[in-house]
Amino acid sequence: MSQGMSAKPARLPLHQVLRLGTFQGCLGCLAVIFAGMLNRVMISELAFPALLVGGALAFEQLVAPSRVLFGQISDAHPLLHRYRTPYIWIGTALFCGLAVASIPLIFWLAGSIGIASGGGPAPWLGVLALCGLFAAYGLAISMASTPYLALVIDLTDEDERPRAVGFIWCMLTVGIVIGAIAISMSLKELDGVSDPALLQPVLQAFMGRVALVVLGLTLVSTLGIEPAAGAGLDSTAQNRQEITLERAWRVVTSSRQIFVFFAFLVLFTLGLFLQDPILESYGAEVFAMPISATTALNALWGIGTLAGLLLAGLVIIPRIGKLATARLGSQLILASLLLLLLAGAVGQVPLLKVVMVLFGLAAGIGTNSALSLMLDLTLPQVAGTFVGVWGLAQALSRAMGKLIGGGLLDLGRLLLPGEGAFPPFALVLGVEALVMAGAIVVLGSVSVARFRDDTRHTFAEVMALDLD
């Protein structure tokens, strides 16, 4: 590259950090739509079985092994003289197009199987098409987001990352809040509407507008921010082009710490998002909230997360360190899940709203520290491959969260018929609390120093193979 990336990167100016974070904001906006609005519409308005919805959405994450491949490709194969941004652009164009295509497919499936009108069993063709669309969407997200995180590593150093992660993931949260507000304002006319003929055209137009905005903002966010790969490549760039996927994988699997942190990321992410596919239905069925109100829960969560990310990056991590902050954040998430159970038990909407803000605050603290640890547990020479592995851990747990969350809700309804709306949701939240407790236990075995010793030694051995 034009500037030697083996040297310590220059401090990234705040306006560039915020600009780079705009892409994360776009992902946050789409996450609200897919994880929130479409879940709610399919489960509550179109009466899809929760397991079917969770299973279909899980395919977005089940393709997560592709993140390792996309990461290694962006490490070794630049396009248009750039290692990261062209892959971000291609992936974004693909997932925007698939987002628009999801609306007619969902309503075609609902109409063809008669779910909305109490018809017969779902045909396999429609179910496979829905799963295939979300799998393709997940591949596109992986193609864009894995090089994006590697770009963050390329442009920052270890000391700067908590600050950069805080601001960038604040932009993710801002995107979630903006997405939730946009849904609430644009779809308020659909409150109480369950007729597919009325729902589909409004949702289709809304999704089309969102896709165009996301595509445009992604280009604005990333155009020109990555230095070009010049003719005189530095040692880091030369090493990237020499490392095959097989050699990169040898480095990635060289330390026991990688497996320990992988396990922590799986449990942490699962403990944070197990309620994700059923949260808006929780508000609808336990608290009798309309679509616009349940969508606003994401905004409350986002406001808390925004504060937690900044608090962790600017105050807590500099004072007590990344590991201690990750432990604190995980403990606060566990407490928030127990409060979420309490809110459902008493059925008070104001308490639910307060808990969602506290839950977001805990999530922000835990997420910033976990991401900072994740980026530290990475070698610059194979940053894309490492990011792919950590992304794989998060994506697999998100997939399990979608599948297990919906499945536990259906199981609760099966085991507790006639017990009211709350007990099945309590089962989901109770299991989620246990998972987060497991994440806290595993975190106690994480050591960044041991990781560095192991991987640097193996990397030196791998590069020495070229000299034999």
Side-chain angles (χ1 to χ4, degrees), residues 15-16 18-42 57 60 70 79-80 82 84-108 129-130 132-149 151 168-190 196-226 291-292 295-296 298-299 302:
H15 73 276
Q16 291 284 61
L18 296 177
R19 179 187 165 205
L20 187 60
T22 302
F23 175 74
Q24 281 290 88
C26 293
L27 292 184
C29 181
L30 281 176
V32 172
I33 294 171
F34 274 84
M37 184 191 76
L38 289 186
N39 273 9
R40 157 75 191 245
V41 168
M42 285 190 283
L57 290 173
E60 176 189 339
F70 287 131
L79 293 176
L80 303 175
R82 300 291 189 279
R84 313 299 186 191
T85 46
Y87 296 102
I88 297 173
W89 299 336
I90 294 170
T92 301
L94 290 173
F95 68 66
C96 283
L98 290 165
V100 174
S102 67
I103 301 298
L105 177 59
I106 288 169
F107 282 90
W108 171 78
L130 187 65
L133 183 140
F134 283 109
Y137 182 85
L139 286 172
I141 290 286
S142 297
M143 175 181 282
S145 62
T146 303
Y148 172 80
L149 288 178
L151 180 62
I168 289 173
W169 261 259
C170 277
M171 296 297 290
L172 174 71
T173 307
V174 168
I176 292 173
V177 173
I178 291 175
I181 293 173
I183 293 170
S184 182
M185 293 176 60
S186 302
L187 306 181
K188 194 171 183 62
E189 63 186 274
L190 297 181
L198 299 176
L199 287 170
Q200 182 175 357
V202 177
L203 294 177
Q204 186 71 69
F206 175 73
M207 188 71 82
R209 293 193 297 270
V210 169
L212 288 175
V213 171
V214 166
L215 189 56
L217 288 178
T218 297
L219 292 174
V220 171
S221 171
T222 57
L223 191 63
I225 203 168
E226 180 186 7
I291 291 180
S292 58
T295 300
N298 288 292

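Just so it is clear, the values below take in all heavy atoms, side chains as well, and ignore hydrogens, waters and symmetry mates.
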[atom1] of [X] to [atom2] of [Y]: how many Å apart, nearest 0.5 Å?
| X | Y | atom1 | atom2 | answer |
| --- | --- | --- | --- | --- |
| I225 | Q16 | CD1 | CD | 4.5 Å |
| L30 | C26 | CG | SG | 7.5 Å |
| S145 | L151 | OG | CG | 12.5 Å |
| F23 | L219 | CZ | CG | 10.5 Å |
| I106 | L130 | CD1 | CG | 6.0 Å |

Within the side chain of [X], is there an N or O that forms a donor-acceptor pair under 3.5 Å with the backbone of [Y]?
| X | Y | answer |
| --- | --- | --- |
| R19 | V220 | yes |
| S102 | A99 | yes |
| R82 | E226 | yes |

Using side-chain heavy atoms (C-beta onward) and a distance below 4.5 Å, is [X] in contact with [Y]?
| X | Y | answer |
| --- | --- | --- |
| L79 | T85 | no |
| L139 | L94 | no |
| T92 | W89 | no |
| Q24 | Y148 | yes |

Smallest separation among heavy atoms of A144 and I88, with atom names
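It is O-CG1, 3.4 Å.
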
Atom of P86, atom of L80 and distance for their closest heavy-atom approach
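Of all heavy-atom pairs spanning P86 and L80, the closest is CG-CB, 4.3 Å.
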
Pick from F95, Y137, F70, Y87: which one makes a side-chain contact (heavy atoms from CB on, under 4.5 Å) with S142?
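By the side-chain contact (heavy atoms from CB on, under 4.5 Å) criterion, S142 pairs with just one of F95, Y137, F70, Y87: F70.
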
Let me check something: any side-chain donor-acceptor pairs from residues 202-218 under 3.5 Å, sequence neighbours excluded? List them with distances.
{"from": "Q204", "atom 1": "NE2", "to": "V100", "atom 2": "O", "distance (Å)": "3.1"}
{"from": "T218", "atom 1": "OG1", "to": "V214", "atom 2": "O", "distance (Å)": "2.8"}

